[in-house]
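Let me begin by presenting the structure, written as structure tokens, before commenting on it.
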Amino acid sequence: MPSMLGVKCKDYYNDVQVKLHVQSSIQREFPQMIMFPGLFPDYGVVMEAVTLGCDIVWPENEAPYAKPCISSIQDINSLTVPKISETPLVPKIVREYEFMWKHADQELFEEYGYLDGNALVVGPLETTAMAMGYDKLFYAFYDHPNEVHRLLEIITEIIFETVKLYQKVNGKIKRIYIIDHMPTQLPVYLYEEFFHPYIKRIFDEYS
């Protein structure tokens with residue numbers, strides 16, 4: 001979307017005014033389209049990984065990505081769910097939701113139902129892969145399944161706590177969007193063990 005308007009990705013991701021301008025302009029360009037998730041504080045797939053302690057890399061004209069923050073499988077045993085309101089990115093996202101509520105065109109709320117009851121999170125398996133490194137995660141499925149499950153449990157709780165903060169701005173959840181590319185890369189037996197139970201918990205919570 002930024003490239004369609006001649007905007008650098010780095011500016012788009014780091015400036016909520018630019019972000020709102022880009023998203024609103026694309027909607028006006030294609031009024032028959034319903035965007036998913038519509039207007040939102042877009043940070044690609046790094047949100048929950050940053051909450052775990054990963055650093056973000058901000059390319060000039062690409063989406064941000066998170067550096068792995070788990071250097072050893074043993075690191076997982078000492079992880080706990082942080083206080084989400086004190087993490088670096090989630091409070092910023094909440095402020096950006098507030099900005100969009102205040103500054104977005106009213107017609108975008110009335111015509112498309114954007115923001116109201118909406119939440120976007122990055123799925124537990126995608127976040128696990130970023131926190132560990134995708135290659136290390138694929139080995140860990142076989143070599144350290146218990147630790148992978150522990151990390152998935154922590155990230156799922158992070159998602160629940162994060163959505164609680166979003167609900168304070170956007171209201172009770174009506175639509176929840178979950179970014180997770182990993183299921184398409186797994187054989188069925190790994191999907192059933194390491195993805196389905198956690199994604200089901202999330203959808204069950206807000207169904």
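Note that these values count all heavy atoms, side chains included, but never hydrogens, waters or copies made by symmetry.
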Q) What's the verdict on side-chain contact (heavy atoms from CB on, under 4.5 Å) for Phe160 and Thr156, showing C-alpha distance, side-chain angles and the deciding distance? A) CA-CA 6 Å; Phe160 288 143; Thr156 302; 3.7 Å; yes
Q) What about Met130 and Tyr139, same hydrophobic cluster or not, with Ile/Leu/Val/Met/Phe/Trp/Tyr joined at side-chain heavy-atom distances under 4.5 Å? A) no
Q. Less than 4.0 Å between a side-chain N and a carboxylate O, is that true for Glu98 and Lys168?
A. no
Q. Could you state the interatomic distance from CE (Met35) to CZ (Phe30), rounded to the nearest 0.5 Å?
A. 11.0 Å
(Q) Run the side chain to side chain contact (heavy atoms under 4.5 Å, CB included) test against Glu29 and tell me which residues pass, sequence neighbours left out. (A) none
Q | Donor-acceptor under 3.5 Å (Arg201 side chain, Glu153 main chain) | A | no
Q | Beyond-backbone contact of Pro82 with Ile158, side-chain heavy atoms, under 4.5 angstrom | A | yes
Q: Would you check if Glu126 and Phe195 make a side-chain contact, meaning some heavy-atom pair closer than 4.5 Å?
A: no
**Q.** Derivation of the side chain to side chain donor-acceptor pair (under 3.5 Å) call for Gln23 and Tyr12
**A.** CA-CA 10 Å; Gln23 294 174 10; Tyr12 168 79; 3.1 Å; yes
**Q.** Which atom of Thr127 lies closest to which atom of Ala49, heavy atoms considered
**A.** CG2-N, 3.6 Å
Q: Taking only Lys NZ, Arg NE, NH1 and NH2, and the carboxylate oxygens of Asp or Glu, determine whether Glu161 and Lys164 approach each other closer than 4.0 Å.
A: yes
Q: Over 60° means perpendicular and under 30° means parallel, so classify the ring planes of Tyr97 and Tyr166, tilted if in between.
A: perpendicular
Q) Counting only N and O atoms by type, is there a donor-acceptor contact under 3.5 Å from the side chain of Gln27 to the main-chain atoms of Met33? A) yes
Q) What distance do Cys54 atom SG and Met132 atom CE have between them, rounded to the nearest 0.5 Å? A) 11.0 Å
Q) Of the non-hydrogen atoms in Val18 and Asp11, which two are nearest, and what is the gap between them? A) CB-O, 4.0 Å
Q | Considering all heavy atoms, the nearest Ser85-Pro91 contact | A | O-CG, 3.2 Å
Q. Sequence neighbours excluded, which residues qualify as ring pair (Phe, Tyr, Trp, His ring centres under 6.0 Å) partners of Phe109?
A. Trp101
Q: Answer with yes or no whether the hydrophobic clustering places Ile179 together with Phe203; edges join I, L, V, M, F, W, Y residues whose side-chain heavy atoms lie under 4.5 Å apart.
A: yes
Q: Could you check if a side-chain atom of Phe138 sits within less than 4.5 angstrom of a side-chain atom of Leu186, using non-hydrogen atoms only?
A: yes
**Q.** Phe141 reachable from Tyr134 in the ILVMFWY side-chain graph, under 4.5 Å edges
**A.** yes
Q | Side-chain heavy-atom pair Trp58, Glu62 within 4.5 angstrom cut-off | A | no
Q: Ignoring hydrogens and angles, state whether a donor on the side chain of Tyr206 or Gln167 is under 3.5 Å from an acceptor on the partner side chain.
A: no
**Q.** CG on Leu120 to CD1 on Ile93, rounded to 0.5 Å
**A.** 8.0 Å
Q. Does Leu5 CG have over 12 foreign heavy atoms under 6.0 Å away?
A. yes
Q) So, does Thr87 use its side chain to make a donor-acceptor pair with the main chain of Ile84 at under 3.5 Å? A) yes
(Q) Can you tell me how far apart CG (Leu108) and CG (Leu39) are? Round to the nearest 0.5 Å. (A) 5.5 Å
Q: Look only at the side chain of Asn14 and the backbone of Lys10, and say whether a donor-acceptor pair between them is shorter than 3.5 Å.
A: yes
**Q.** Flag, side chain of Asp180 to backbone of Leu125, donor-acceptor distance under 3.5 Å
**A.** yes
Q. Do you know which two heavy atoms are closest between Val122 and Gly44, and how far apart they sit?
A. CG2-O, 4.1 Å
**Q.** Over 12 non-hydrogen atoms of neighbours within 6.0 angstrom of CD in Glu193
**A.** yes
Q.
If I compare all heavy atoms of Leu89 with all of Met47, which pair ends up nearest, and what's the gap?
A. CD2-CA, 3.8 Å
Q.
Is there a path of hydrophobic side-chain contacts, each under 4.5 Å between heavy atoms of I/L/V/M/F/W/Y residues, joining Met1 to Phe36?
A. yes
Q) Do the side chain of Asp15 and the main chain of Gln17 share a donor and acceptor less than 3.5 angstrom apart? A) yes
Q: Measure from the side-chain N and O atoms of Tyr65 to the backbone N and O of Pro59, and report whether any donor-acceptor pair falls under 3.5 Å.
A: no
Q | Heavy-atom side-chain contact between Tyr114 and Met100 under 4.5 Å | A | no
Q | Heavy-atom donor-acceptor pair, Lys19 side chain to Tyr13 backbone, under 3.5 Å | A | yes
Q) Would you say Lys8 has more than 12 foreign heavy atoms packed within less than 6.0 Å of its NZ? A) no
Q. Do Ile202 and Pro124 have side chains that get closer than 4.5 Å, going by heavy atoms?
A. yes
Q | Intermediate values then yes/no, side-chain contact (heavy atoms from CB on, under 4.5 Å), Glu96 and Phe40 | A | CA-CA 8 Å; Glu96 291 192 5; Phe40 72 111; over 6 Å; no
Q) Does the side chain to side chain donor-acceptor pair (under 3.5 Å) test come out yes or no for Gln185 and Tyr191, once each step is laid out? A) CA-CA 9 Å; Gln185 302 175 46; Tyr191 166 92; over 6 Å; no
Q: List the atom of Val46, the atom of Pro64, and the distance in Å for their closest heavy-atom pair.
A: CG1-O, 3.6 Å
Q.
Rounded at 0.5 Å granularity, tell me how far OG1 in Thr128 sits from OH in Tyr198.
A. 8.5 Å
Q: Using the side-chain contact (heavy atoms from CB on, under 4.5 Å) rule, take Leu151 and Leu52 through it: C-alpha gap first, then chi angles, then the decisive distance, then the call.
A: CA-CA 10 Å; Leu151 185 53; Leu52 272 175; 4.2 Å; yes
Q: Return the orientation label for the Phe194 and His149 ring planes: parallel under 30°, perpendicular over 60°, tilted otherwise.
A: parallel
Q.
Does Tyr177 have more than 12 heavy atoms from other residues, nucleotides or ligands lying within 6.0 Å of its OH?
A. yes
Q. Rounded to the nearest 0.5 Å, how far does OG of Ser24 lie from NE2 of His103?
A. 12.0 Å
Q: Apply the test side-chain contact (heavy atoms from CB on, under 4.5 Å) to residues Thr80 and Ile154: give CA-CA distance (whole Å), side-chain angles for both, the deciding distance (0.1 Å), then the verdict.
A: CA-CA 7 Å; Thr80 58; Ile154 290 170; over 6 Å; no
